Amino acid sequence: MIGIDKLGCYVPKTVLPLTTLAQARGVDSNKYTQGIGQREMAMVSHNEDVVTMACEAAHTILDDHDKASIDMVLFATETGIDYSKAASIYALDLLGLPSNTRAIELKQACYASTGAMFLAMDYVRSHPTKKVLVLSSDIAWYGFENSGEVTQGAGAIAMLISMNPRLGSINEGLKAVRNEKDFYRPIFSKVPLVDGKLSIGLYQDMLKEVEDHQSRRYTCFHLPFANMANKANRMLTYPMDEAHLNIVKELGSVVGNIYNGSLYLSLISVLLHAKEDLKDETIGMFAYGSGAMAEFFTITLNENYQEGINKTSLNQLLEGRQALSMDDYIELMQHYELKEYASDIDLSHYVKPYQTFVHESTTHGHRNYKKVK
Ligand code: COA
């Protein structure tokens, strides 16, 4: 058996309530909260980026024994911080992982995390005593005052892939790829170019193409916004009832789109909020990445699947979050654009008590990170 040994998550503590955004944009707040299904979006704070978020997620699950067995780090992101150097090299160093390790970054919109997971499974099959750390970390930033603004978010997922996994084994299903123009970020653009309606249609079409027509209690989805789950559920041969559907999208509705981690955030939502005992449960998983790649697979949870998550840390995921005013949000995201493209910047005065890893400065384009506790 090969699968997810441990699963961890991090989401920023600064959030924009969608009612605040609706008021500022002169939109009926029901459109955002009921139509799109989002209540809050996590926004990256001043000294966070994809590397710090990935390390925060990994830090919640890795012990020294795990670290020693890691032979490869795969970093899935569409929020690249460098055209050449892989974010996994920064992360590996910050996490104190062994230096005789492969470190690579992967890209295919929101699908790269799932692609990385399947590559990691093949790697473990040929190196059965080794583990692979798959990191998924993204900042969904569309810019101000456009239709994508309401579907932003930020966060990271860390997955340890191994033989005899503690959380559950992965069962391969069907996959499909098409050359499409629904969402892309050309090298001249700071934000993605998105045709949301086209993307939703493709997502639904490709789900229909790859789903396995099995009835099950839970199917998790990649969620660019929470109510995408309603649209996806309707495509299934055996749709979930409303109570189970709400559990699948609960976390997403207060975090927003975290791109590569979004499907796994939906899985964590089920692990945290399901009313049933989930041992031996098989959960459907639908991955979609614009451009476009789709895959349907399942995860069968173990009898002791709780050993594969850090329940204390997951329960604290949404604790102590700070609601942003519209002015705070504008300042924060203007700062984000400035810092992401700065050749030299000092961020050392932004450290917050809840942070373990920070982006401390950039010097001559090189990011300097620090473990602060
Ligand atoms: N009260 C309640 N619901 C309302 C409403 C109101 N006052 N006004 C509108 N709605 C509903 C609409 O009926 C619609 O629901 P439906 O989709 O079930 O029909 C929903 O709210 C959204 O309205 P819509 O007019 O479609 O919104 P929009 O044109 O602003 O676009 C997205 C919404 C999601 C397409 C847009 O935000 C987007 O493109 N986001 C980016 C998505 C993305 O990242 N995709 C790529 C990765 S997969």
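Worth saying up front: this structure is predicted, and the values here are computed from it rather than measured. Atoms within each ligand, like the ligands themselves, are counted from 1 in listed order.
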Asks: Side-chain donor-acceptor pair under 3.5 Å between Asn47 and Thr52, yes or no?
Replies: no
Asks: Identify, for atom 44 (O) of ligand 1, the protein heavy atom at the shortest distance, and state residue, atom and that distance.
Replies: Tyr142 OH, 2.5 Å
Asks: So, Gln355 side chain and Lys352 main chain: donor-acceptor pair closer than 3.5 Å or not?
Replies: yes
Asks: Looking only at heavy atoms, is any part of Asn227 under 4.0 Å from ligand 1, and if so is it the side chain, the backbone, or both, or is it neither?
Replies: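 Neither part.
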Asks: Check for me whether Tyr259 has a heavy atom closer than 4.0 Å to any atom of ligand 1.
Replies: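 Under 4.0 Å: no for Tyr259.
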Asks: May I ask whether His222 places a heavy atom under 4.0 Å from ligand 1?
Replies: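 It does; at least one heavy atom falls under 4.0 Å.
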Asks: List every atom of ligand 1 that sits less than 4.0 Å from any heavy atom of Val150, numbering the atoms from 1 in the order shown and giving each element.
Replies: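 Listed by number with element, the hits are 37 (O).
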Asks: Do His222 and Tyr264 make the cut of ring centroids closer than 6.0 angstrom?
Replies: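 Judged by ring-centre distance (under 6.0 Å), His222 and Tyr264 do not meet the cut-off.
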Asks: When rounded to the nearest 0.5 angstrom, what distance separates CG in Leu301 from OG1 in Thr298?
Replies: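 The OG1 atom of Thr298 is 10.0 Å from CG of Leu301, to the nearest 0.5 Å.
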Asks: Does one side chain, of Glu276 or His244, offer a donor that lies under 3.5 Å from an acceptor on the other?
Replies: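 Checked: Glu276/His244 side chains pair up, N/O donor to acceptor below 3.5 Å.
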Asks: Give, for atom OG1 of Thr219 and atom CD of Gln214, the distance between the pair rounded to the nearest 0.5 Å.
Replies: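 With rounding to 0.5 Å, OG1 (Thr219) is 10.0 Å from CD (Gln214).
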Asks: Which protein non-hydrogen atom lies closest to atom 7 (N) of ligand 1, naming both residue and atom, and how far is it?
Replies: Asp28 OD2, 2.9 Å
Asks: For the ring pair Tyr259 and Phe183, is the centre-to-centre distance below 6.0 Å?
Replies: yes
Asks: Which of the numbered atoms in ligand 1 are under 4.0 angstrom from any heavy atom belonging to Gly35?
Replies: 3 (N), 11 (C), 20 (C), 21 (O)
Asks: Tell me: protein heavy atom nearest atom 41 (C) of ligand 1, and distance?
Replies: Thr151 OG1, 3.2 Å
Asks: What is the nearest protein non-hydrogen atom to atom 29 (O) of ligand 1, stated with its residue, atom name and distance?
Replies: Lys197 NZ, 3.1 Å
Asks: Considering only protein heavy atoms, which is closest to atom 34 (C) of ligand 1, and at what distance to one decimal place?
Replies: Phe225 CE2, 3.6 Å
Asks: Would you please indicate if the ring centroids of Phe221 and Tyr288 are separated by under 6.0 Å?
Replies: no
Asks: Measure from atom 20 (C) of ligand 1 to the protein's non-hydrogen atoms and state whether any distance is below 4.0 Å.
Replies: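 Yes.
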Asks: Please write down residue, atom name and distance for the protein heavy atom closest to atom 2 (C) of ligand 1.
Replies: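 The closest one turns out to be Asn30 O, 3.4 Å.
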Asks: Answer with yes or no after comparing the ring centroid distance for Phe286 and Tyr203 against a 6.0 Å cut-off, counting only values under it.
Replies: yes
Asks: Please state which option from Ile36, Asn230, Asp182, Leu202 has its nearest heavy atom closest to atom 22 (C) of ligand 1.
Replies: Ile36
Asks: What orientation do Tyr123 and His127 show, parallel under 30°, tilted 30 to 60°, or perpendicular over 60°?
Replies: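 Rings of Tyr123 and His127: parallel, under 30°.
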Asks: Considering non-hydrogen atoms of the protein only, which is the closest contact for atom 47 (C) of ligand 1, and what is the distance?
Replies: Ser290 OG, 3.7 Å
Asks: Within the structure, does Tyr288 bring an N/O atom to less than 3.5 angstrom of an N/O atom in ligand 1?
Replies: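 No, there is no polar N/O contact under 3.5 Å.
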Asks: Under 30°, 30 to 60°, or over 60°: which ring-plane class applies to Tyr350 and His46, parallel, tilted or perpendicular?
Replies: parallel
Asks: Using the six-membered ring wherever Trp is involved, compare the ring planes of Tyr369 and His359 and label them parallel, tilted or perpendicular (cut-offs 30° and 60°).
Replies: tilted
Asks: Step by step, would you call Glu281 with Thr300 a side-chain contact (heavy atoms from CB on, under 4.5 Å)?
Replies: CA-CA 6 Å; Glu281 184 88 16; Thr300 303; over 6 Å; no
Asks: Which is closest to atom 37 (O) of ligand 1 by heavy-atom distance: Ser147, Ala140, Ser199, Ser29?
Replies: Ser147
Asks: Atom 14 (C) of ligand 1: protein heavy atom closer than 4.0 Å?
Replies: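 No, because not a single protein heavy atom sits under 4.0 Å from atom 14 (C) of ligand 1.
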Asks: Have a look at Gln152, Lys31, Lys231 and point out the one with the heavy atom closest to atom 9 (C) of ligand 1.
Replies: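 Checking each option, the heavy atom nearest atom 9 (C) of ligand 1 is found in Lys31.
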Asks: Among protein heavy atoms, which lies nearest atom 39 (O) of ligand 1, and at what distance?
Replies: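 In this structure, atom 39 (O) of ligand 1 has Gly196 CA, 3.2 Å as its nearest protein heavy atom.
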Asks: Please confirm whether Met228 comes under 4.0 Å of ligand 1, counting heavy atoms of the residue only.
Replies: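 Flag not set, Met228 not near ligand 1.
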Asks: Please confirm whether Tyr203 approaches ligand 1 to less than 4.0 Å, judged on its heavy atoms.
Replies: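 Heavy atoms of Tyr203 never come under 4.0 Å of ligand 1.
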